[in-house]
Amino acid sequence: MPEMIKSPADLKTAPFDPRFPNQNQTRHCYQSYVDFHRCQKVRGEKYEPCYYFKRVYRSLCPNEWVDKWDNQRAEGTFAGRI
């Protein structure tokens with residue numbers, strides 16, 4: 001299991017967010033990805049509350065999207081403001 005999941009009880013989906021009331025969670029996925037990286041940039045990589053956003057985007061986003069965004073960030077071509 002990944003390091004942040006210590007037991008099966010830790011497996012949870014993202015909670016309801018009133019900013020994204022519709023069934024389509026694409027925007028919630030993207031915004032959580034951006035929020036995680038913004039939080040780490042501002043607070044540092046060891047700041048534990050940032051990992052809330054990581055859990056949310058890992059729950060909502062397809063792995064292919066996350067891999068693509070990670071590659072874009074590494075290459076400096078990611079469209080979002082982080």
Side-chain angles (χ1 to χ4, degrees):
M1 285 188 198
E3 67 279 348
M4 70 170 123
I5 300 173
K6 297 184 178 28
S7 73
D10 291 336
L11 295 174
K12 298 176 186 169
T13 190
F16 176 74
D17 189 332
R19 297 177 298 165
F20 310 102
N22 300 322
Q23 289 181 345
N24 186 345
Q25 293 294 300
T26 303
R27 172 127 189 180
H28 190 185
C29 152
Y30 177 79
Q31 190 61 50
S32 295
Y33 180 86
V34 171
D35 287 345
F36 170 70
H37 292 287
R38 280 183 187 159
C39 182
Q40 282 201 320
K41 182 179 179 182
V42 172
R43 300 288 185 162
E45 292 186 12
K46 301 288 185 189
Y47 191 64
E48 187 64 31
C50 293
Y51 286 93
Y52 166 79
F53 297 113
K54 184 173 185 174
R55 284 190 297 273
V56 171
Y57 85 73
R58 282 293 191 190
S59 173
L60 294 175
C61 300
N63 292 332
E64 295 81 20
W65 292 6
V66 174
D67 292 341
K68 179 181 175 184
W69 294 336
D70 287 340
N71 289 337
Q72 288 175 344
R73 280 183 31 284
E75 295 169 355
T77 60
F78 184 68
R81 292 184 181 174
I82 294 179

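Nothing here was measured: the structure is a model prediction, and the numbers come from that model.
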Next on the checklist: Please check this pair: side chain of R38 against backbone of R81, looking for a donor-acceptor N/O pair closer than 3.5 Å.
Outcome noted: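 Between the backbone of R81 and the side chain of R38 there is a qualifying donor-acceptor contact (under 3.5 Å).
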Item to check | Side-chain donor or acceptor of S59 paired with backbone N/O of R55 under 3.5 Å | outcome: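 Between the backbone of R55 and the side chain of S59 there is no qualifying donor-acceptor contact (under 3.5 Å).
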Item to check | Side-chain heavy-atom pair W65, L60 within 4.5 angstrom cut-off | outcome: no
Checklist entry - In Å and rounded to the nearest 0.5 Å, what is the NE2 to SG distance from H28 to C61? => result 9.0 Å
Item to check | Euclidean distance, C29 SG relative to R58 CZ, rounded to 0.5 Å | outcome: 10.5 Å
Item to check | Atom of Q40, atom of C50 and distance for their closest heavy-atom approach | outcome: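 Taking every non-hydrogen atom into account, N-SG, 3.7 Å.
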Item to check | Minimum heavy-atom distance G80-Y30, with the two atoms named | outcome: CA-OH, 3.2 Å
Item to check | Residues that R73 engages under salt bridge (charged side-chain N to carboxylate O under 4.0 Å, His left out), provided they are two or more places apart | outcome: D70
Next on the checklist: Please say yes or no: joined through hydrophobic side-chain contacts below 4.5 Å, possibly via intermediate residues, are V56 and I82 part of one cluster?
Outcome noted: yes
Checklist entry - Only one of W69, Y52, Y51, F53 forms a ring-ring contact (aromatic ring centres under 6.0 Å, His included) with F36, so which one is it? => result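 The option that passes is Y51.
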